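Here the structure comes first, spelled out in structure tokens, and everything after it is commentary.
Each ligand, and each atom within it, is numbered from 1 in the order the structure gives. In this text the structure is predicted, and so the values were computed from the model without any measurement. Quick note: residue numbers are just sequence positions, from 1.
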Amino acid sequence: MTQPLLQVHNLKKYFPIQGGVFGKKIGDVKAVDGLSFFVNKGETLGIVGESGCGKSTTGRLILRLLEPTEGQVLFNEKDVTNLTKPEMRKLRRDMQIIFQDPYASLNPRHTVEKILEEPLIVHGIGDKKERKRRVREMLEVVGLSSYHAKRYPHQFSGGQRQRIGIAKALMTNPSLIIADEPVSALDVSIQSQVLNLMEDLQEKYGLTYIFIAHDLGVVRHISDRVGVMYLGRIIELTESEKLYNKPLHPYTEALLEAVPIPDPEYKKETAGITGEIPSPSNPPAGCAFHTRCRSCMEICKTTRPEFKEVEDGHYVACHLY
Ligand code: SF4
């Protein structure tokens with residue numbers, strides 16, 4: 001059996017909380033608190049959860065844009081967490097990120113050509129002529145035109161800007177792309193165009209995606225498997241269709257109830273999710289979801305459920321199983 005492209009073992013990121021007169025550490029925000037998962041080559045793993053669940057931090061930890069507090073990230077069996085800065089810079093050619101807000105991630109004072117050329121310059125790829133050719137090629141690949149190269153980010157629509165963000169991520173020919181809410185800022189009609197483009201590119205270049213979103217509806221079609229995060233942990237992980245058709249964790253069930261159904265006749269029988277997400281600096285004891293769970297039992301308040309495989313390839317952390 002081939003090894004997964006990416007393996008994450010017990011990954012943690014704690015941000016210290018300073019307080020008191022002397023600014024001493026008085027606690028931690030446990031943004032990511034012990035994640036373990038893998039992503040196979042050519043696969044799309046969706047990571048979903050409410051804002052503040054740690055999903056974006058996870059993406060940044062994998063790319064080491066943030067240093068983990070603990071744990072291991074293996075990319076092509078290489079331990080990313082132990083690489084030196086120059087080694088990491090070299091590896092970044094192979095791991096890229098697409099941000100939610102393309103406008104914020106594209107320098108407004110640079111032409112598209114300069115923006116797209118930059119990753120090639122950073123990694124010492126090609127001479128000037130080759131770089132220009134690659135910029136034009138990538139613009140066409142993402143559905144723009146080569147004449148767009150001389151324009152500035154503000155001259156494009158939101159959807160076009162995200163296409164530029166995707167082109168930028170693809171410039172160095174990476175194998176893994178972490179897409180952090182790549183369509184959340186776009187109109188619904190544009191969202192599906194960008195998702196279709198990402199699927200086409202995946203097929204064309206054999207890309208592996210980690211697709212981060214707060215909306216289960218968005219990741220459904222693009223993901224092969226989906227992991228649901230709650231307060232820094234994955235609480236359910238399985239194949240996309242299984243998750244949507246037969247969710248096991250009460251939190252996943254509630255999230256799915258919150259996904260709008262495009263049918264005026266459809267009446268929701270349940271209320272979806274209620275209450276606020278607790279603070280990751282002071283997570284509830286036992287099962288972190290027990291304060292909002294409609295199936296909560298006594299054991300849930302004191303004992304944290306283990307994340308275990310309850311059906312073939314279907315992992316869940318809940319005392320009901
Ligand atoms: Fe609900 Fe208990 Fe399962 Fe947590 S462990 S999701 S509180 S039933």
Practice item. Could you check Asp180 against Ser56 for side chain to side chain donor-acceptor pair (under 3.5 Å), going step by step and ending with a plain yes or no? Key: CA-CA 6 Å; Asp180 187 5; Ser56 291; 3.0 Å; yes

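The distance between the ring centers of His148 and Phe156 falls below 6.0 angstrom.
Annotation: protein N, O or S atoms under 2.8 Å of atom 1 (Fe) of ligand 1 (waters excluded) comprise Cys293 SG.
Side-chain contact check for Phe307 versus Ile234: some heavy-atom pair is nearer than 4.5 Å.
The environment of Glu276 atom CD is sparse: at most 12 non-hydrogen atoms of other residues, nucleotides or ligands sit within 6.0 angstrom.
Tyr147 does not carry Arg136 over the face of its six-membered ring by the limits of under 6.0 Å from the centre and within 45° of the normal.
Within the structure, the salt bridge (charged side-chain N to carboxylate O under 4.0 Å, His left out) test picks out no pair touching residues 73-84 (sequence neighbours left out).
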